[in-house]
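Note sheet for the following structure.
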Amino acid sequence: MDYNKLAELLFPNIDKTPEDYELLYPAREKGIVITRLGPSPTGFIHLGNLYGAFVDERLAHQVAKSDRADAKTGSSGIFYLRIEDTDDKRFVEGAVETVINSLKFFDISFDEGATLPGPGEEYGTAESGNYGPYFQSKRGPIYRAFAKRLVSRGKAYPCFLTEEELADIRSQQEADKCTTGIYGKYAEKNRNLSYEEIETNINAGKSYVIRMKSHGDTSYFKLIDGIRGEISMPGNNQDTIILKANGIPTYHFAHVIDDHLMRTTHVVRGEEWLMSLPVHVELFEKLGFPMPTYCHTAVLMKIDEETGNKRKLSKRKDPELSLDYYRNEGYHPQAVKEYLLTILNSNFEEWRAENPDADIDDFNFTTEKMSSAGALFDLNKLNDISKDVLLKIPAEDLADFLVEWAREFKPNILPLLEDRSYLTKILDLGRDEAKPRKDFICAKQMWDFISYFFDEYFVIQDRIPEQVSDEDAKEILKRYLDTYDHSDDQSAWFDKIRSITEELGYAVKPKDYKKHPEEYKGSVAHVSTVIRIALMGRGQSPDVWSIQQILGEDRLRARISELIG
RNA sequence: GCUCUCUUGGUCAAGUGGUCAAGACGUCGCCCUCUCACGGCGGAAUCAGGGGUUCGACUCCCCUAGGGAGUACCA
């Protein structure tokens, strides 16, 4: 068999050689980390994607800022976006924009690759960088050039198996309980077709795919995974398809060609790819490419309420998987990032405790510290981290953040938030102390928490304590209003509450009431709660005096008068 | 079925032959206190099971169980 002749028959219009492409895409600067995100344009990006993208981004971008050896080059790594649109069935309009914008919200941006298209710009043309095209659908000639080379070396061949034949082979294999697929004896027929047979088939218009001719050596080999360490797998023996009947490459082939030509150094991808690693390794060998470092991330899991088992987060059942969920709830991107980092690198939490004010970029992220078991998503933890993150954000910025959130998700409160200095004072309440309050988790919850500061949203939602009769409650409020002086400082203010407490037969010290409940109606805590409810509508809030200072005397008197009638 | 992979408290996890098995979140109790939040102190709670190897196993080896994934002309 003359393989060169066969290659010409199969790829008559391919003139460029692999060498041409090697020249076109020269090696990158030595020592820098090149990573990539390769989404298929399904238009849906979830927490798992973010998790992976974050690993890529950290790997490529942290280098320059750290003081490690790599930084000597003074150059940061490169993180690029490649659109893996080899399956047109998956294509969704506007998906590229979704990916870029979603990640941008979390402060993750690309150095090269697909970009936001300009107005009216055709799909697949918006990109930047010297290693493109970055849309796989535009790379057909490149894949074919390498496929042609493989054929001309006898390392790949056309296969004319029809769908029916494939199905028959499969059911036979299943019946025989052996591995499914095209390998060994199942591959022989098409592997050994003569040039004339192939030519006849093609002239007859028969559809065919290009398969790699596997070495068939299934002995185990070892490989170092950036996350998992040493892994061992059996060698591949499948004659995996590299070009589909429509001439478009499969993921396997596109991955190997692209990551080589774009000079990717670290391939970060989900563990669902672990199984096809032997195929990729063989492809790298057949093509004579050096291997990148693979980093197979664990899948994010959650406990299924119905079965009690761990299971993969699914986009249908789990709203928290969607990135939109966090935007809706108003989680701060910084909080989500910090949370992700704590599950990504187990030593991050410790580092954060020691460096509470340091920038995330100063943390030395390593794939070795990543867990290889699937982490459970923990909303409690996110909330806890979020509290700390929000505390560090200045009140002015927090106000901006809340307004931005409202603009998108609760526009009807926007007019209320216009008084920025009022809003800022509210948000800063109790934060400027040795033991600052940590009241805020996310924008939605922030609004709930502060809504009573706005008359339109002020409602009495809690009941007065049972220790206080309705008559007493009225009397407490009446006396409170009578003696109220807005210029009182906090201790003068509280002294007056103490007086009211005592006069009405309540204990000034809560402990006294606790010890001798029979001697008092209740304690100063109950009296305060009555006032708190009158003013805030709820039994729990930050310090009453401080709130009053922000609320202002008019509002305060109005609310109490309203209740006294 | 076959193949790969994972397994330390409820959760995230330190740990690489000798530890009373860190820490964080959550939870419970106490303290602080006008409520809540914050903070402080304390408690309960973990090496999946069984065999080896060893003076000694969470740590090394084997088996079993359980979880997860893959087994496409999808990625």
Side-chain angles (χ1 to χ4, degrees), chain A residues 38-42 84-87 89-90 136 159 161 163 166 170 173-174 176-181 207-211 218 228 231-234 238 240-252 254-255 269-278 296 298-299 301-303 309-312 339 342-343 346-350 352-353 369 371-385 387 391 430-431 433-440 449 462 465 494 497-498 501 508 510-511 523-533 536 538-545:
Chain A
S40 57
T42 56
E84 311 211 331
D85 52 357
T86 52
D87 181 14
K89 289 189 286 293
R90 286 191 166 212
Q136 290 185 332
C159 169
L161 252 20
E163 267 181 58
L166 248 16
R170 161 173 287 272
Q173 286 168 331
E174 275 166 5
D176 295 348
K177 288 192 193 297
C178 56
T179 311
T180 56
S207 150
Y208 66 93
V209 299
I210 303 293
R211 287 184 189 272
T218 56
R228 287 152 199 269
I231 48 180
S232 121
M233 313 211 84
Q238 297 270 345
T240 308
I241 294 175
I242 58 175
L243 287 186
K244 303 185 231 175
N246 59 7
I248 292 175
T250 55
Y251 168 85
H252 310 294
H255 149 58
R269 44 145 65 155
E271 65 180 340
E272 66 270 21
W273 290 111
L274 219 39
M275 292 306 299
S276 38
L277 199 50
H296 288 97
V299 178
M301 315 279 281
K302 97 173 243 174
I303 296 284
N309 290 332
K310 265 190 181 187
R311 61 146 228 262
K312 198 174 167 177
Y339 170 68
T342 67
I343 53 178
S346 52
N347 51 335
F348 174 76
E349 226 176 329
E350 198 181 324
R352 177 49 91 201
K369 275 291 179 184
S371 168
S372 41
L376 276 194
F377 183 78
D378 186 353
L379 201 60
N380 273 327
K381 193 85 176 185
L382 206 212
N383 288 161
D384 182 66
I385 289 169
K387 283 182 181 179
L391 179 61
R431 303 207 315 160
E433 287 160 30
K435 292 175 190 167
R437 302 187 63 89
K438 296 181 185 171
D439 292 318
F440 304 132
F449 195 83
D462 286 347
F494 197 60
I497 292 190
R498 286 206 182 90
T501 301
V508 172
K511 267 188 183 156
S523 77
V524 68
H526 303 116
V527 173
S528 301
T529 300
V530 171
I531 296 167
R532 179 171 266 114
I533 291 173
M536 274 64 95
R538 47 188 90 171
Q540 299 171 356
S541 79
D543 172 60
V544 173
W545 182 83

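The chains referred to below are lettered A, B, ... by the order of the sequence lines, with proteins before strands, and numbering in each begins at 1.
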Q. From B:rA13, B:rU3, B:rG23, pick the nucleotide closest to the side chain of A:Ser346?
A. B:rA13

Q. Okay, side chain of A:Thr86, backbone of A:Ile248: is any donor-acceptor separation there less than 3.5 Å?
A. no

Q) Base, sugar-phosphate alone, or nothing: which one does A:Ser523 contact when heavy atoms must sit under 4.0 Å apart? A) nothing

**Q.** Any donor-acceptor pair under 3.5 Å from A:Tyr339 side chain to A:Asp384 backbone
**A.** no

Q. To the side chain of A:Lys369, which of B:rG15, B:rC25, B:rC12 is closest?
A. B:rG15

Q: Tell me which of A:Leu274 and A:Tyr208 sits closer to the 5' end of RNA chain B, going by the nucleotide each one is nearest to.
A: A:Leu274

Q: Taking only the side-chain heavy atoms of A:Pro234 (C-beta and beyond), determine which of B:rC12, B:rU3, B:rA75 contains the nearest atom.
A: B:rU3

Q: Provide, to the nearest angstrom, the distance between the CH2 atom belonging to A:Trp273 and the P atom belonging to B:rG70.
A: 10 Å

Q.
Donor-acceptor pair, distance only, cut-off 3.5 Å: does the side chain of A:Ser40 make one with the backbone of A:Thr42?
A. no

Q | Nucleotide B:rG15, atom C1' - distance to CD of A:Glu349 in whole Å | A | 16 Å

Q) Are any of A:Lys381's side-chain N or O atoms less than 4.0 Å away from OP1 or OP2 of B:rG10? A) no

**Q.** Nearest-Å distance for atom pair CG/C1', residues A:Leu382 and B:rU11
**A.** 13 Å

(Q) Under 3.5 Å for both donor-acceptor distances, Watson-Crick or wobble: does B:rG70 have a partner, and if so which one? (A) B:rC2

Q: If B:rU35 has a Watson-Crick or G-U wobble mate with both distances under 3.5 Å, name it; if not, just say none.
A: none

(Q) If I take atom CG in residue A:Asp378 and atom C1' in nucleotide B:rU11, what distance separates them, rounded to the nearest angstrom? (A) 5 Å

Q.
Can you tell me the base-pairing partner of B:rU27? Count Watson-Crick or G-U wobble geometry only, both distances below 3.5 Å, and say none if there is no partner.
A. B:rG43

Q: For A:Glu350, answer base if it contacts any base atom (sugar-phosphate contacts may also be present), sugar-phosphate if it contacts only those atoms, and nothing otherwise; contact means non-hydrogen atoms under 4.0 Å.
A: nothing

Q: Could you check whether A:Thr86 gets within reach of a base, just the sugar-phosphate, or nothing at all, counting any heavy atom under 4.0 Å?
A: sugar-phosphate

Q.
Using a heavy-atom cut-off of 4.0 Å across all strands, would you classify A:Arg538 as base, sugar-phosphate, or nothing?
A. nothing

Q) Applying the side chain to side chain contact (heavy atoms under 4.5 Å, CB included) test to A:Phe494, which of A:Val544, A:Asp543, A:Val524 qualifies? A) A:Val524

Q: Take the protein atom CE of A:Met233 and the nucleotide atom C1' of B:rC2, then report the distance between them rounded to whole Å.
A: 13 Å

Q) So what does A:Leu161 hit on the nucleic acid, given a heavy-atom distance under 4.0 Å: a base, only sugar-phosphate, or nothing? A) base

(Q) In whole Å, I'd like the distance from the OH atom of A:Tyr251 to the C1' atom of B:rG70. (A) 14 Å

Q.
Tell me which nucleotide, if any, is Watson-Crick or G-U wobble paired with B:rU54 when both distances must be under 3.5 Å.
A. none

Q) Considering every strand shown, what is the Watson-Crick or G-U wobble mate of B:rA48 when both distances are under 3.5 Å? A) B:rU64

Q.
When you measure from the side chain of A:Glu174 to the backbone of A:Thr180, do you find a donor-acceptor pair of N or O atoms at a distance under 3.5 Å?
A. no

Q. Using 30° and 60° as the class limits, which term best fits the ring planes of A:His252 and A:Trp273: parallel, tilted or perpendicular?
A. perpendicular

**Q.** Which nucleotide in B:rA75, B:rG70, B:rC73 has an atom nearest any side-chain atom of A:Ala245
**A.** B:rC73

(Q) Under 3.5 Å for both donor-acceptor distances, Watson-Crick or wobble: does B:rG9 have a partner, and if so which one? (A) none

Q) Could you write nucleotides 34-39 of chain B as a row of B, S and -, 5' to 3', where a protein heavy atom under 4.0 Å of any base atom gives B, of only sugar-phosphate atoms gives S, and otherwise -? A) BBBBBS

**Q.** A:Thr250 or A:Ile231, whichever maps to the more 5' nucleotide of RNA chain B
**A.** A:Ile231

Q: Just do the side chain to side chain contact (heavy atoms under 4.5 Å, CB included) check on A:His526 and A:Val530 with the steps written out, would you?
A: CA-CA 6 Å; A:His526 303 116; A:Val530 171; 5.9 Å; no

Q: Using atom NE2 of A:His296 as one end and atom P of B:rC6 as the other, report the distance to the nearest whole Å.
A: 13 Å

Q. Within this structure, what is the CZ-to-P distance between A:Arg352 and B:rA24, rounded to whole angstrom?
A. 17 Å

